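One-based numbering, in listed order, for ligands and for the atoms of each. Residue numbers start at 1 and run along the sequence shown. Keep in mind the model is a prediction, meaning the values are calculated, not measured.
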Amino acid sequence: MKILANDGISKSGKDALEAAGFTVITEMVPQDQLANAINAEGYVGVLVRSATTVRKEVIDQCPNLKFIGRGGVGMDNIDVAYGREKGINVFNTPGSSSGSVAELVMAQLFDMVRSLYDSNRQMPTNGLAEFAALKKKYGKGAELRGKTLGIIGFGRIGREVASYALGCGMNVIAYDRVPSHTPVKLNISGFGSIDVNVEQVEFHDLLANADMITLHVPKQDGGRAILRAEELAMTKKGVYLVNTARGGSIDENALLDGLNSGHIAAAALDVFENEPTPRQDLLSHPRISLTPHVGAATLEAQDRIGLELADNIIAMFGVQA
Ligand code: NAD
């Protein structure tokens, strides 16, 4: 059986599928030739990431397509409900990149409390002439240990972040609109795993008590922001914010106002309202640490995504790897 991995697949995923007897083609077919290629080559399934779209028109033209697999989380590029109506198995790999996003959150927390993002901007140009002044400027760092991290959205990624933060000696509180009291697993190399109950609090209590806040909720109805001026006003003065969830989960105007007034100490953004053309005043703000939506983009996550896709397909066809 032939599979088209139109946006690629990790070597581990391809190997697992080939060991189970599938033929995996990774040469990208242009979008306008996708349906023709699926029919002409007799692909049983198509795997995509975010580049290829599989809309109603393609689904209608490919009656023999058995599955559409999305490597990653969001399925905005696939007409999921329509595909399922037509009997096509449509799936993604929701858990594969949670650890990668959680590590980026921790990196940004460490980065912000020591002003690394700003120091890295200043040292190449001013490090020679103004070493003493910069030493003074960045010499008032803080530690994460003992600080309270507030996690908004306590699903897969939120729970991974909790595990890392607990491991660093932070206090963790969480808010989710559907509270879950399943303990967080903290894996300690050479020791094993410990179950930790994270305190679930009301939204307003999280805002009032967290030294640092990280968001892990999906895009809200109508793109509504979770943190607007009103909510930011309830946070502690000197709060640190991280947004790796969706652009606009923190209102960008309110964020800039909070930073400029000094209420917010610093913010880290991986996601932006206007991707791929974020606002220049966010990009050039001296107290925002920036990444271009790479939260899930680690080699390890790509491997896990490939293997999860392969496992799904192998289970679907009941074949042995
Ligand atoms: P998840 O579904 O496992 O968890 C989301 C949690 O948010 C759920 O527990 C849900 O109940 C909760 N929630 C939803 N709306 C809420 C609200 N208004 N208030 C409080 N809680 C609310 O999802 P996940 O795998 O943890 O991913 C979270 C989000 O992270 C994704 O939807 C996506 O937007 C984002 N993400 C970003 C990257 C990146 O590259 N930066 C990568 C993967 C995912």
Heteroatom proximity flag, Lys219 to ligand 1, N/O under 3.5 Å: no
Asp270: numbered ligand 1 atoms lying under 4.0 Å from its heavy atoms: 39 (C), 40 (O), 41 (N)
Heavy atom of the protein closest to atom 1 (P) of ligand 1 (residue, atom name, distance): Arg156 NH2, 3.7 Å
Distance-only N or O hit between ligand 1 and Tyr175, under 3.5 Å: no
Closest approach of any protein heavy atom to atom 18 (N) of ligand 1, naming residue and atom: Gln220 OE1, 2.9 Å
Side chain, backbone, both or neither: Ile226 near ligand 1, heavy atoms under 4.0 Å: side chain
Hydrophobic cluster of Leu299, others only, ordered by chain and residue number, side-chain cut-off 4.5 Å: none
For atom 21 (N) of ligand 1, closest protein heavy-atom neighbour: Arg177 N, 3.3 Å
Residues Lys14 and Glu18 bridged, charged N to O under 4.0 Å: yes
Nearest option to atom 32 (O) of ligand 1, as decided by whichever heavy atom of Gly158, Pro218, Ser249, Gly295 sits closest: Pro218
Atom 4 (O) of ligand 1 - nearest protein heavy atom and its distance: Gly155 CA, 3.3 Å
Stacked cation flag Arg70 on Phe91, 6.0 angstrom / 45 deg: no
Criterion side-chain contact (heavy atoms from CB on, under 4.5 Å) against Cys62, the qualifying member of Val46, Leu34, Ile38: Ile38
Over 12 non-hydrogen atoms of neighbours within 6.0 angstrom of CD in Gln31: yes
Identified side-chain contact (heavy atoms from CB on, under 4.5 Å) partner of Asn209 from the options Asp211, Asp205, Leu207: Asp205
Nearest candidate to atom 11 (O) of ligand 1, where distance is taken over non-hydrogen atoms, out of Leu269, Asp176, Val178, Ile152: Asp176
Sub-4.0 Å heavy-atom contact, Ala245 with ligand 1: yes
Lys219, NZ: over 12 other non-hydrogen atoms inside 6.0 angstrom: no
Parallel, tilted or perpendicular, as decided by the 30° and 60° cut-offs, for the rings of Phe317 and Phe67: perpendicular
With Asp281 via salt bridge (charged side-chain N to carboxylate O under 4.0 Å, His left out) - residues at least two apart: Arg279
Atoms in ligand 1 with a heavy atom of His293 nearer than 4.0 Å: 39 (C), 40 (O), 41 (N)
Option of least heavy-atom distance to atom 13 (N) of ligand 1 (set: Thr291, Ile151, Val217): Val217
Contact with ligand 1 for His216, non-hydrogen, under 4.0 angstrom: yes
Pick from Val161, Val101, Ile157, Val271: the one approaching atom 44 (C) of ligand 1 most closely through a non-hydrogen atom: Ile157
Residue pair Met106 / Cys168, side-chain heavy-atom distance below 4.5 Å: yes
Contact (N/O only, under 3.5 Å) between Ser98 and ligand 1: no
Nitrogen or oxygen atoms of Ala296 and ligand 1 under 3.5 Å apart: yes
Within-cut-off N or O pair, Thr244 and ligand 1, under 3.5 Å: yes
Main-chain N/O of Val48 paired to Asp7 side chain as donor or acceptor, under 3.5 Å: no
